[in-house]
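Worksheet: one structure, shown below.
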Amino acid sequence: MPKLKSHRASAKRFKVTKNGKVKRGQAYRSHILTKKSTKRKRGLRKSAYASSANAATIKKLILCK
């Protein structure tokens, strides 16, 4: 049986914190930034946590045990 590989695309996008939460970046920050307010763009810089509904799936992709 070969080694299981982690899903590299997911591993680059998400990190699992010490407490087991899944940390993610914000969407809507890549283009069409002229119509978005400075306050909105500044808020999008901050990272967020993935919802509990998606967290289990993401962990399965990243940590293959």
Side-chain angles (χ1 to χ4, degrees):
M1 187 76 187
K3 284 185 187 177
L4 288 173
K5 293 185 178 182
S6 61
H7 191 268
R8 296 312 297 160
S10 299
K12 289 170 188 175
R13 286 168 175 77
F14 304 104
K15 298 276 179 274
V16 180
T17 62
K18 195 175 181 180
N19 292 332
K21 290 182 179 180
V22 179
K23 202 171 167 185
R24 64 169 178 83
Q26 295 274 17
Y28 309 109
R29 182 79 173 100
S30 55
H31 60 98
I32 316 173
L33 298 172
T34 50
K35 61 176 80 169
K36 293 172 186 138
S37 68
T38 311
K39 185 179 178 182
R40 184 175 164 193
K41 287 186 278 190
R42 193 165 53 243
L44 290 172
R45 279 186 219 149
K46 298 172 184 172
S47 58
Y49 293 109
S51 67
S52 56
N54 296 326
T57 312
I58 294 165
K59 280 183 194 174
K60 210 174 276 186
L61 289 168
I62 297 170
L63 318 163
C64 37
K65 289 182 180 178

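Along the sequence shown, the residues carry numbers beginning at 1.
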Above 12 or not: heavy atoms from other molecules or residues under 6.0 Å from CZ of R29? yes
Between L44 and Y28 the two heavy atoms that sit nearest each other are CD1-O, 3.3 Å
Would you say the side chain of T17 lies within less than 4.5 Å of the side chain of Y49, judging by non-hydrogen atoms? yes
Are a donor atom and an acceptor atom from the side chains of R8 and S6 found within less than 3.5 Å of each other? yes
With rounding to the nearest 0.5 angstrom, report the CD1 to NE2 distance, I58 to H7. 11.5 Å
Closest non-hydrogen atom pair, G20 against K59: O-NZ, 2.6 Å
Whether over 12 other heavy atoms sit under 6.0 Å from R13 CZ: no
Nearest atoms (heavy-atom pairs only) where S10 meets L61: OG-CD1, 3.5 Å
Give a yes or no on whether the backbone of L33 and the side-chain of K41 come within a donor-acceptor separation of less than 3.5 Å. yes
d(K5 NZ, K3 NZ) to nearest 0.5 Å is 10.0 Å
Rounded distance [0.5 Å steps], NZ in K46 versus CD in Q26: 9.5 Å
When rounded to the nearest 0.5 Å, the distance separating NZ of K36 from CZ of R42 is 15.5 Å
